[in-house]
Amino acid sequence: MTTQTTTHTHEHKDATDTADTADTDVLIVGAGPTGLALAVDLARRGVRALVVERAGELFPGSRGKGIQPRTMEVFDDLGVLDAVRAGGGAYPVGMIWQDGTRQGEHRMFDATEVTEAEPYAGVPWMVPQWRTQEILFARLEELGGSVAFGRELTGLSQDADGVTAAFASGAPVRARYAVAADGGRSAVRRALGIGMTGETVDPGPAIVADLRISGLDRDNWHVFPPADGEGFLAICPLPHTEDFQLAGGFEDPAAEPDLSLDGIRKLVATRTHLAPDDVTEVRWASDFRPRAAMADRFRQARVFLAGDAAHVHSPAGGQGLNTSVQDAYNLGWKLAAVLRGEAPGSLLDSYEEERLPVAAHMLGLSTRVHRGEVRRGTATQQLGLGYRDSSLARETREGLPEEALHAGDRAPDGTRGGVRLFDAFRGPHWTLLTVGTGTVLPGLAARTVRIPAYEAYGTGVFLVRPDGYVGWAGETAEGLAEYATGVGVGPGTGGRDGSEAVG
């Protein structure tokens, strides 16, 4: 892959100012959305984490611009939702062009209904990837964290007690655990010798670029269907910027896209009604070959793979960044619980157990979307993903219909008894929720919430994980205390005397 960039206006600390040569709890390699989301999650839990990034700055391109509804829920919990909303916008309606004439609108997504249980459903929210990363970076700094830029990993070794990372410059870093969040060509994954298995989704190369362009309105996502053996071209305005994102494909597998200003001007003039000079600037450009691939495993001893280091998607489905952020969200609370001595090390086994099947499923979905076999809609919003088959999911009720809420499912939002559930869930804690029952609860170190009956839950007792999934569910609390101890929820006053109860 080749890349050309023009940087956005932001300054970051030099590696020599930010690199921490002392021991750290977690070394995160890569300051993309995955690494930054994980660092934010760990920072709010008081876990020492060091983020190192090979480049001298944050990634400057718009590549992963679609934020799915489930990821909006994650961002709500991480404290960046307002900034993400302010920094983005709704996807514009597609406009099909042919021979310089508008042919009609094209809906890129099948919208779903916004409900109180799924408050961010509808369609994805568009935010250029560089802006998402700047928002997460600002949140990390707000929590006291930082990124060491200009730190290229050259070696990795581990023993029973920790991981040692070597870099092209600067001192090595010793950490108790490490996380590879360094992209599809992950240096960490290669150092570990973990294979990547996959397939080419499209034989021809593709290009994505951020442009300044005249002659197109900013109210539509402009689509130029392929003609005469050429590939497709689409030009989408990026919210709150003067930029458009160009995405195009090439049918010839031997094609070598020209990423220069002249090359992109020629591409636009050939495939659209625009003149070459209508492209006034190329802000960033990259070419790649669409593929779907997944690491053979997501963990080797004390090192975990997350994001593109673990799975690479076709961009057509809008799943790569979203699946990656949710890898981090799954891993963060588990690392913190083990590092604080609240849960056994075996809790970390559930990361690969839960995330590998999800990644495999989303890879298949992304590929089907790329090939036009599936529409973007309910399936791509990731609200229906869960962990019913996980060893952490304990469903004690019998005879539940398939459509009912089960242990392992995403915990719905909603307001009952004056309590909004997402407000109660927000933060790094577990939540002990009773719905329509006054059953006696054990005293657990969890926020306790009691609400009246709510159809999204039915009735019963639910222990909601820090990442917003139901861990344990029952008609009463029988057996709950034993489960809670095994996942790091120790005894406390919550539930027993109501001192931490809400509602």
Side-chain angles (χ1 to χ4, degrees), residues 25-30 32-42 44-45 47 49 51 70-71 74 77-78 156 158 162-163 175-182 186 188-189 192 194-196 294-312 320-363 382 385-394 407-410 428 430 464-472 483 486-489:
D25 288 328
V26 181
L27 172 67
I28 301 170
V29 183
T34 312
L36 292 171
L38 178 59
V40 167
D41 200 14
L42 292 174
R44 67 177 181 153
R45 299 174 187 281
V47 174
V51 184
R70 177 55 186 158
T71 306
V74 175
D77 187 36
L78 295 182
L156 192 75
Q158 55 181 318
V163 181
R176 294 177 67 183
Y177 294 95
V179 179
D182 53 343
S186 170
V188 176
R189 190 186 65 238
L192 295 173
I194 296 176
M196 195 87 165
M294 190 167 71
D296 297 339
R297 55 188 184 277
F298 286 11
R299 180 188 184 184
Q300 184 170 302
R302 289 179 170 267
V303 183
F304 300 84
L305 307 185
D308 286 357
H311 43 79
V312 178
L321 181 148
N322 294 274
T323 304
S324 299
V325 166
Q326 291 170 60
D327 288 345
Y329 196 50
N330 182 284
L331 183 57
W333 70 268
K334 297 173 182 178
L335 279 170
V338 172
L339 285 164
R340 291 196 301 252
E342 297 169 354
S346 58
L347 177 65
L348 296 173
D349 295 337
S350 67
Y351 170 69
E352 179 179 278
E353 176 194 3
E354 293 185 340
R355 294 307 298 170
L356 193 149
V358 167
H361 173 73
M362 299 317 295
L363 277 176
Q382 301 201 358
L385 297 177
Y387 310 118
R388 287 189 183 184
D389 295 331
S390 167
S391 59
L392 299 186
R394 193 72 51 81
D409 290 349
R410 164 193 165 274
W430 289 73
V464 180
R465 298 169 17 164
D467 58 352
Y469 292 88
V470 177
W472 187 97
Y483 170 87
V487 294
V489 186

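All values below come from the heavy atoms of this structure, side chains included, with hydrogens, waters and symmetry mates left out. Values in this document were obtained by computation on a predicted structure and should not be read as measured data.
Checked by atom type and distance alone, the side chain of Arg189 pairs as donor or acceptor with a backbone atom of Ala309 at under 3.5 Å. A donor-acceptor pair is defined here as one N or O able to donate and one able to accept, closer than 3.5 Å; no such pair exists between the side chain of Tyr387 and the backbone of Val358. With hydrogens and angles ignored, the 3.5 Å screen pairs a side-chain donor or acceptor of Tyr483 with a backbone N or O of Leu392.
Counting heavy atoms from C-beta on, the side chains of Leu348 and Phe304 come closer than 4.5 Å. Between Arg355 and Thr323 there is a side-chain heavy-atom pair separated by less than 4.5 Å. No side-chain heavy atom of Leu339 sits under 4.5 Å from any side-chain heavy atom of Leu42. The side-chain heavy atoms of Leu385 and Arg410, taken from C-beta on, include no pair separated by under 4.5 Å. At a threshold of 4.5 Å between non-hydrogen side-chain atoms, the residues Leu335 and Arg176 do not count as touching. Proximity of Thr34 to Asp308: side-chain heavy atoms (C-beta onward) are nowhere separated by under 4.5 Å. Counting heavy atoms from C-beta on, the side chains of Leu331 and Val179 come closer than 4.5 Å. The shortest distance between side-chain heavy atoms of Val312 and Met196 falls below 4.5 Å.
Neither side chain, Arg388 nor Tyr469, offers a donor N or O lying under 3.5 Å from an acceptor on the other.
Using cut-offs of 30° and 60° on the angle between ring planes, the pair Phe298 and His311 is tilted.
At a threshold of 4.0 Å, the pair Glu353-Lys334 does not count as salt-bridged, since none of the basic side-chain nitrogens sits closer than that to a carboxylate oxygen.
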Requested in this report: Would you check, one step at a time, whether the test salt bridge (Lys or Arg N to Asp or Glu O under 4.0 Å) holds for Arg299 with Asp349?
Outcome: CA-CA 8 Å; Arg299 180 188 184 184; Asp349 295 337; 2.7 Å; yes
